[in-house]
Amino acid sequence: MAETVTPAVDDTPSPASTRRERSGWYFYDWAMSAFSTTVITVFLGPFLTTVTELAAGCELGADTCNGYVYPLGIKVAAGSYFPYLVSLSVFLTVFALPVVGAIADRSAHKKRLLAVAAFTGAGATVGMLFVTGDRYLLGGALFMVANIAFGAGVVVYNSFLPQLGGPDDRDGISSRGWALGYLGGGLLLALNLVAVSMLGEEGNHQRTLDLARWSIVSAGVWWAVFTLVPLRWLREHPTAAALSGGNPVTDGFRQLGRTLREIKAYPLTLFFLLAFLVYNDGIQTVIALASQYGTEELKLGQSTLIVTILLVQFLAFGGALLLGALAKRIGAWKTVLISLVLWTGVILGAFRLPAEAPVPFMVLGAAIGLVLGGSQALSRSLFSQLIPAGKEGEYYGFYEISDKGTSWLGPLAFGIVFQLTNSYRVGLVSLLIFFVVGFLLLLAVPIRRAIVAAGNTPPRVL
């Protein structure tokens with residue numbers, strides 16, 4: 001059972017965080033969400049796919065392209081290149097992010113780690129300015145760096161959450177952070193929408209490609225500039241292990257080794273993590289490939305895609321707060337289960353969308369917006385209840401393997417199915433299994449017992 005005595009402050013959540021500190025934490029979501037939305041969700045898929053199609057010998061603006069590229073001598077369909085890149089980058093994070101988390105737990109300067117990750121990712125995103133012509137390999141390399149750095153930054157950022165509030169406060173804190181992130185990402189998308197509308201020319205595919213490139217660059221600049229706010233307002237919360245001295249890098253590797261050996265002592269935490277990795281892989285695949293599906297399968301214009309994703313962003317702001325309020329009444333676990341049922345309906349609806357019909361696509365986008373933010377924000381706060389004290393970074397390193405725009409099994413399945421069938425619709429249907437299996441796994445988690453087993457006090461409502 002959880003101890004009734006208050007543990008040492010260094011290793012447990014501190015409900016005495018200031019409003020300024022929590023606002024600083026929220027603002028990193030505002031900063032980094034530009035990468036999730038402008039880059040991952042809207043522009044990069046179509047942009048890098050077009051660049052890859054040029055490298056495969058297809059004409060700019062061609063309706064279909066059955067060409068291939070050969071990165072490292074491997075034959076890859078041009079339409080599968082971006083999904084494979086997403087999958088490869090996330091496969092690499094499986095090894096990198098738990099290490100980053102372990103180092104964060106042993107470091108007395110987590111804000112410095114946050115700065116390194118954020119500015120590395122932002123710099124690689126700005127570097128997309130040089131992806132011109134058929135430089136698909138450069139674009140792929142920059143995306144890999146940016147996506148891994150993005151994940152590393154989120155690990156450090158998430159590790160602050162248990163130190164910002166007690167068990168009954170974290171659903172609200174997490175939901176507000178996620179909501180502000182959608183608002184920030186939506187604002188930048190709105191600015192890009194204005195730019196595309198004013199500067200784009202019908203039938204001028206090169207202009208469209210250039211505008212996409214500059215929109216991607218704008219997200220890197222946004223990410224870097226607004227990261228300065230949390231770096232100033234957040235406070236360090238070093239654990240007792242961090243204050244004991246030593247080298248955080250070498251100590252972090254040793255601590256990670258101990259955690260991997262001892263993690264079997266928390267089987268229910270691992271079971272929740274497995275459920276999350278499955279269902280969130282499906283969510284992140286939908287986010288990452290939605291614009292490619294809209295462009296290549298539904299033949300929708302870039303402006304339609306931006307308007308739809310913008311609609312998703314602003315509705316997700318309200319949806320995160322709405323599901324956060326629902327979680328306060330019925331608990332986060334039940335609310336996430338409800339959201340997975342709704343996600344299954346979203347996939348079925350997307351499969352039946354007619355081509356060249358913007359309105360149904362926008363309606364589906366509205367449905368995604370209402371369920372998107374809450375399912376992610378509440379999963380994050382629910383997991384914070386299952387982490388042994390003092391190991392927040394390490395456990396969020398495992399968690400981040402499939403969070404905030406990173407997924408690997410989903411894009412891999414999507415890419416393989418497309419290469420076999422040349423159909424984006426069939427590829428989309430393959431994602432249903434992630435939501436169904438994820439729901440069943442999460443339903444099987446005895447959540448209150450899992451929280452107590454991790455040594456934590458459960459919130460009043462689960």
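One-based numbering along the sequence shown.
A salt bridge links Glu297 with Arg425: the distance from a Lys NZ or Arg NE/NH1/NH2 to an Asp or Glu carboxylate oxygen falls below 4.0 Å.
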Derivation and outcome, side-chain contact (heavy atoms from CB on, under 4.5 Å), residues Ile447 and Leu386 = CA-CA 9 Å; Ile447 197 70; Leu386 303 174; 4.2 Å; yes
Which is it for Ile283 and Ser375 under the side-chain contact (heavy atoms from CB on, under 4.5 Å) test, yes or no, and what are the steps along the way?
-> CA-CA 9 Å; Ile283 293 174; Ser375 58; 3.9 Å; yes
Derivation and outcome, ring pair (Phe, Tyr, Trp, His ring centres under 6.0 Å), residues Tyr424 and Phe418 = CA-CA 6 Å; Tyr424 286 98; Phe418 173 80; 4.3 Å; yes
What do the steps show when you test Glu21 against Leu164 for side-chain contact (heavy atoms from CB on, under 4.5 Å), and what is the final call?
-> CA-CA 8 Å; Glu21 183 180 8; Leu164 295 176; 3.8 Å; yes
In sequence, state the C-alpha distance, the side-chain angles, and the governing distance for Trp223 and Tyr28, and then conclude on side-chain hydrogen bond (donor to acceptor under 3.5 Å, both in side chains).
-> CA-CA 8 Å; Trp223 185 3; Tyr28 188 68; 3.2 Å; yes
Test Asp171 against Lys328 for salt bridge (Lys or Arg N to Asp or Glu O under 4.0 Å), laying out the working first.
-> CA-CA 8 Å; Asp171 289 343; Lys328 194 172 182 179; over 6 Å; no
Let me see the working for Tyr84 and Ile416 under side-chain contact (heavy atoms from CB on, under 4.5 Å), right down to the final yes or no.
-> CA-CA 9 Å; Tyr84 284 163; Ile416 291 174; 4.1 Å; yes
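Other residues, nucleotides and ligands contribute over 12 non-hydrogen atoms within 6.0 Å of the CZ atom of Arg20. Atom CG of Leu92 has more than 12 neighbouring heavy atoms from other residues, nucleotides or ligands inside a 6.0 Å radius.
The only option from Tyr157, Tyr182, Trp178 that meets the side-chain hydrogen bond (donor to acceptor under 3.5 Å, both in side chains) definition with Asp29 turns out to be Tyr157. With respect to Ser159, the side-chain hydrogen bond (donor to acceptor under 3.5 Å, both in side chains) criterion is satisfied by exactly one of Lys391, Glu394, Lys110: Lys110.
One N or O on the side chain of Ser89 and one on the backbone of Val86 form a donor-acceptor pair closer than 3.5 Å. Between the side chain of Ser174 and the backbone N or O of Ala377 there is at least one donor-acceptor pair closer than 3.5 Å. With hydrogens and angles disregarded, a donor-acceptor distance shorter than 3.5 Å links the side chain of Trp333 to the backbone of Leu442. Checked by atom type and distance alone, the side chain of Asn456 pairs as donor or acceptor with a backbone atom of Gln385 at under 3.5 Å. Looking at Ser197, its side chain never comes within 3.5 Å of a backbone N or O of Val194 through a donor-acceptor pair. Between the side chain of Glu236 and the main chain of Lys111, a donor-acceptor pair closer than 3.5 Å is present. Judged by distance alone, the side chain of Ser339 and the main-chain N or O of Val336 form a donor-acceptor pair under 3.5 Å.
Residue pairs meeting the ring-ring contact (aromatic ring centres under 6.0 Å, His included) criterion with at least one partner in residues 309-332, sequence neighbours excluded, are absent.
Between Gly365 and Thr308, the closest heavy-atom pair is CA-CG2, 4.0 Å. In terms of heavy atoms, Leu323 sits closest to Leu370 at CD1-O, 4.1 Å. Annotation for Val461 and Gly331: closest pair CG1-N, 3.4 Å, computed over non-hydrogen atoms. Residues Phe27 and Pro230 share a closest heavy-atom pair of CB-CD, 4.2 Å. In terms of heavy atoms, Thr269 sits closest to Ala454 at OG1-CB, 4.3 Å. Residues Val278 and Gly438 share a closest heavy-atom pair of CG1-N, 3.6 Å.
The shortest distance between side-chain heavy atoms of Thr285 and Phe434 does not fall below 4.5 Å. Taking the side chain as every heavy atom from C-beta outward, Asn147 and Ile40 approach each other to under 4.5 Å. With a 4.5 Å cut-off on side-chain heavy atoms, Phe383 and Phe272 count as touching. Residues Asn280 and Gln376 are in side-chain contact: their nearest non-hydrogen atoms beyond the backbone lie under 4.5 Å apart. Within the 4.5 Å cutoff, no side-chain heavy atoms of Glu392 are placed close to those of Leu161. Within the 4.5 Å cutoff, the side chain of Met128 has heavy atoms near those of the Leu44 side chain. Residues Arg380 and Tyr399 have side chains in contact (heavy-atom distance under 4.5 Å, counting atoms from C-beta outward). With a 4.5 Å cut-off on side-chain heavy atoms, Ile330 and Thr335 count as touching.
Of the N and O atoms on the side chains of Ser384 and Tyr395, not one donor lies less than 3.5 Å from an acceptor on the other residue.
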Please output the side-chain donor-acceptor pairs of residues 119-126 that fall under 3.5 Å, not counting sequence neighbours, one pair per line with the distance.
from   : atom 1 : to     : atom 2 : distance (Å)
Thr120 : OG1    : Val116 : O      : 2.7
Thr125 : OG1    : Gly121 : O      : 2.8

Validation: residues 212-222 side-chain donor-acceptor distances under 3.5 Å, sequence neighbours left out:
from   : atom 1 : to     : atom 2 : distance (Å)
Arg213 : NE     : Val131 : O      : 3.0
Arg213 : NH1    : Asp210 : OD1    : 2.7
Arg213 : NH2    : Val131 : O      : 3.1
Ser215 : OG     : Asn192 : OD1    : 3.3
Ser215 : OG     : Leu211 : O      : 2.9
Ser218 : OG     : Ser215 : O      : 2.5
Trp222 : NE1    : Trp30  : O      : 3.1

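Residues passing the ring-ring contact (aromatic ring centres under 6.0 Å, His included) test with Phe160, sequence neighbours excluded: none. In terms of the ring-ring contact (aromatic ring centres under 6.0 Å, His included) criterion, Phe47 has no residue partners (sequence neighbours excluded). Among residues two or more places apart in sequence or in another chain, the ring-ring contact (aromatic ring centres under 6.0 Å, His included) test is passed with Trp343 by Phe435.
Taking CE of Met144 as the reference point, atom CG of Leu88 lies at 3.5 Å (rounded to 0.5 Å).
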